[in-house]
Amino acid sequence: MKNLKYIISAGTCLLLTIFLSTSCTDGNDWEVIEANRLFGPTQSDFSLTADDEIAQIEITWKGVKDAQGYVLEISTEPLSNDIALGEAAGSQIFGNDGEKISSPLTVKELLPETNYYARIKAIGSNKESYWVYAEKSVKTTKEQLLEIPTEDAGDITKESIRVSWMEGCNVTALHISSNSASAPYEETFILEEADKEACSFLFEGLSSLTEYTIELLNNDIIRGTIKVTTAQGEMIEVTVDELTHNSATFSWVEAADAYTLIPGESPTADGAEAFPTGSATTFTASNLNSSTTYTFSAIKNGAIVGYVTFETEYKAPENAVQINSGIDFENAITNGSGDVALEIIGDIEVESSTKISENITSLTVFSRGETPARMKVEGIGLNSGVKISKIEFYNLDCTYENTNNGYILNGDSQREIESLIIKKCNIHDIRGVIRLQKSGANSIIGNITISDCILQRIGSYGVVEINVSEATGHFSKITIEKSTINGLGARLMRFSVPGEIAINQCTFYGFTDKNATIDATSCTLSVSNVLMGNVINTTTGYKANGSPQISNSYYTTDCSYTKSLLGEQIELSSLELFTAPSNGDFTVKDTKYKAYGDPRWNK
């Protein structure tokens with residue numbers, strides 16, 4: 001029995017020894033299997049976590065008994081017992097050669113968007129554990145260390161961009177590029193130590209309104225990418241180099257990729273057309289209308305970089321006859337018939353006896369050049385006769401030399417006129433501009449237009465007067481636009497006949513009559529974008545049929561209006577609003593009001 005018990009005991013001990021030896025041979029080394037080997041951290045307590053913003057990982061593990069340190073290895077390829085320490089791709093070793101590491105351990109400056117693997121072993125006094133392998137690898141993030149620059153912060157100008165990046169990161173260079181057709185560009189800047197310390201760099205000499213791609217580099221590693229568009233800055237100058245009645249050539253200094261050309265004075269990028277060459281600094285437009293205001297806008301990357309408003313030249317009628325004396329003018333007017341066009345080429349005087357022939361169906365009186373021809377007019381009259389499709393006065397300097405007499409048109413006979421136009425004229429020192437009296441007030445008139453004119457020192461009959469008791473005439477519409485009236489000793493307009501009145505983009509100054517500025521109880525009225533200063537003696541802005549439409553119109557504190565106002569009072573006097581009104585300079589000083597009044601003063 002003793003022998004049997006001995007044999008059983010010995011066998012049991014042998015089996016126990018074999019079992020213990022077998023149970024400690026897995027890769028996680030969670031028990032001591034030999035006298036010189038430690039426990040290692042358990043796999044469940046060993047993990048990697050990638051940062052969300054920067055290419056770095058945090059490694060954590062739970063310490064083990066009797067460990068005096070740890071050796072940790074990370075790599076960009078899977079690790080195993082078959083790979084010696086430091087031999088794996090992208091290997092980095094921590095805790096070797098006496099270096100002490102502890103949990104958690106942050107490993108910085110890793111490759112972005114890269115998988116990382118790790119293993120760890122415990123180190124004791126002349127002994128160590130087996131390798132313990134992280135159960136899962138982690139992938140570092142795509143880095144964006146560059147901050148987004150803004151115009152408000154002063155980072156972006158017309159020709160520069162300042163970029164900044166996260167502190168404490170290894171960077172060596174910045175790469176900038178643009179695929180713009182008008183300004184292609186690519187360059188790499190090696191960062192100086194001062195740039196690295198400041199975490200900031202300024203790109204200069206760039207093109208306005210151009211999108212740039214900027215990359216932050218650490219050698220070949222991209223650590224951030226942003227797209228930035230330079231600012232518009234101040235508008236570049238666009239000039240009209242060649243101008244005819246139907247064409248214009250424009251030039252500017254900074255290449256643009258598209259343009260708009262529309263009638264009117266408002267620049268726009270809507271409906272832009274690309275230049276045939278892709279980008280350009282010059283362009284010629286054709287098939288334009290004569291005597292028409294256009295605005296050309298140069299556009300780059302969808303934004304206006306410069307524009308110019310201009311008027312095409314006057315297209316002289318082909319049948320025009322040159323006039324250099326009052327006698328020639330009188331003969332042409334009184335004896336003419338059909339379509340009559342008179343080009344004034346010298347200073348002339350027109351007597352009051354001069355009347356438009358009953359046989360004339362169209363009359364155009366004009367002069368060419370920047371300096372208009374001078375006409376001293378006592379008043380051109382009307383004979384009764386056939387319908388006149390148009391009476392036009394263009395680019396003339398009209399005066400009577402004092403305000404006691406003189407008119408442009410002083411009609412006392414009934415006539416049907418489809419269109420009466422006074423455009424681009426200087427009218428001064430004269431009693432009135434348009435007056436229809438006696439049976440002339442029975443005339444049927446379509447549109448009366450006064451446009452792009454300067455009227456100064458107008459006397460007791462104002463600008464337009466059709467005021468005859470029981471008159472049977474009427475007009476469709478009177479438009480006064482883009483004009484300045486400086487010095488008026490009467491009502492601006494006075495009507496006893498019905499029609500529509502529209503005043504837009506005008507500057508008025510120095511009105512002294514005691515009556516309503518506009519006296520037209522039989523007419524409808526609209527007033528827009530008008531500036532008025534130094535209107536004295538009258539308290540009434542208008543008398544009209546119904547409530548007028550008034551918008552964006554303003555008058556200064558030295559105006560005496562108290563009722564039926566033609567606009568809104570502003571807290572500025574004429575001297576505060578205009579540069580030198582007493583000298584005829586109505587340039588608007590306050591930028592808040594530069595959008596209003598005669599456009600010639602809104603520069």
Legend entry - Residues I299, I304; criterion side-chain contact (heavy atoms from CB on, under 4.5 Å); working and verdict: CA-CA 4 Å; I299 297 165; I304 298 171; 4.2 Å; yes
Inset, instruction - Output, in order, the C-alpha distance, side-chain angles, deciding distance and verdict of side-chain contact (heavy atoms from CB on, under 4.5 Å) for T210 and K300. - result: CA-CA 8 Å; T210 300; K300 182 177 180 182; 3.3 Å; yes
Taking atom [atom1] of [X] as the centre, does the number of heavy atoms from other residues, nucleotides or ligands within less than 6.0 Å exceed 12?
X: Q549; atom1: CD; answer: no
X: I327; atom1: CD1; answer: no
X: E351; atom1: CD; answer: no
X: Y307; atom1: OH; answer: no
X: E237; atom1: CD; answer: no
X: K482; atom1: NZ; answer: yes
X: K589; atom1: NZ; answer: yes

Of the non-hydrogen atoms in [X] and [Y], which two are nearest, and what is the gap between them?
X: T157; Y: S160; value: OG1-OG, 2.6 Å
X: T229; Y: I156; value: O-CG2, 3.6 Å
X: L243; Y: A248; value: CD1-CB, 3.8 Å
X: F366; Y: L396; value: C-CD2, 3.9 Å
X: C523; Y: I501; value: CB-CD1, 3.8 Å
X: N537; Y: D513; value: CB-O, 4.0 Å

For [Y], does its backbone N or O pair with a side-chain atom of [X] as donor and acceptor, under 3.5 Å?
X: T521; Y: A544; answer: no
X: T239; Y: D241; answer: no
X: T538; Y: N515; answer: yes
X: S389; Y: S362; answer: no
X: S476; Y: N447; answer: no
X: S178; Y: E211; answer: yes
X: T361; Y: G338; answer: yes

Looking at [options], which hits side chain to side chain contact (heavy atoms under 4.5 Å, CB included) with [X]?
X: F310; options: T293, L288, T292; result: L288
X: N534; options: F508, Y509, F511; result: Y509
X: C559; options: T557, T562, T556; result: T556

Just wondering, do [Y] and [X] contact through their side chains at under 4.5 Å, heavy atoms?
X: T260; Y: D270; result: no
X: E576; Y: D590; result: no
X: I236; Y: K158; result: yes
X: I444; Y: H474; result: yes
X: K423; Y: T449; result: no
X: L531; Y: F578; result: yes

Inset, instruction - Would you check, one step at a time, whether the test side-chain contact (heavy atoms from CB on, under 4.5 Å) holds for T587 with R600? - result: CA-CA 8 Å; T587 303; R600 80 188 73 226; over 6 Å; no
Inset, instruction - Please name all residues satisfying side-chain hydrogen bond (donor to acceptor under 3.5 Å, both in side chains) with Y561, sequence neighbours left out, ordered by chain then number. - result: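 side-chain hydrogen bond (donor to acceptor under 3.5 Å, both in side chains) list for Y561, sorted by chain: T517.
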Legend entry - salt bridge (Lys or Arg N to Asp or Glu O under 4.0 Å) against D397, all qualifying residues, sequence neighbours excluded: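 So D397 forms no salt bridge (Lys or Arg N to Asp or Glu O under 4.0 Å) with any residue.
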Legend entry - Cation-pi, Y400 ring and K376 (6.0 angstrom, 45 degrees):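 Output yes; distance and angle both within limits.
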Legend entry - Lys/Arg N to Asp/Glu carboxylate O, E465 vs R431, below 4.0 Å: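 A salt bridge is absent here (no side-chain N lies under 4.0 Å from a carboxylate O).
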Inset, instruction - Determine the interplanar angle of the Y554 and Y593 rings, folded into 0 to 90°, and report it as parallel if under 30°, tilted if 30 to 60°, perpendicular if over 60°. - result: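 The arrangement is perpendicular - the two ring planes meet at more than 60°.
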Inset, instruction - Quick one: sort the F283 and Y259 rings into parallel, tilted or perpendicular, breaks at 30° and 60°. - result: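 F283 vs Y259 ring planes: tilted.
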Inset, instruction - Go through the steps for V535 and Y555 under the test side-chain contact (heavy atoms from CB on, under 4.5 Å), then give the verdict. - result: CA-CA 9 Å; V535 176; Y555 63 92; over 6 Å; no
Inset, instruction - Could you check T284 against T249 for side chain to side chain donor-acceptor pair (under 3.5 Å), going step by step and ending with a plain yes or no? - result: CA-CA 4 Å; T284 297; T249 298; 2.9 Å; yes
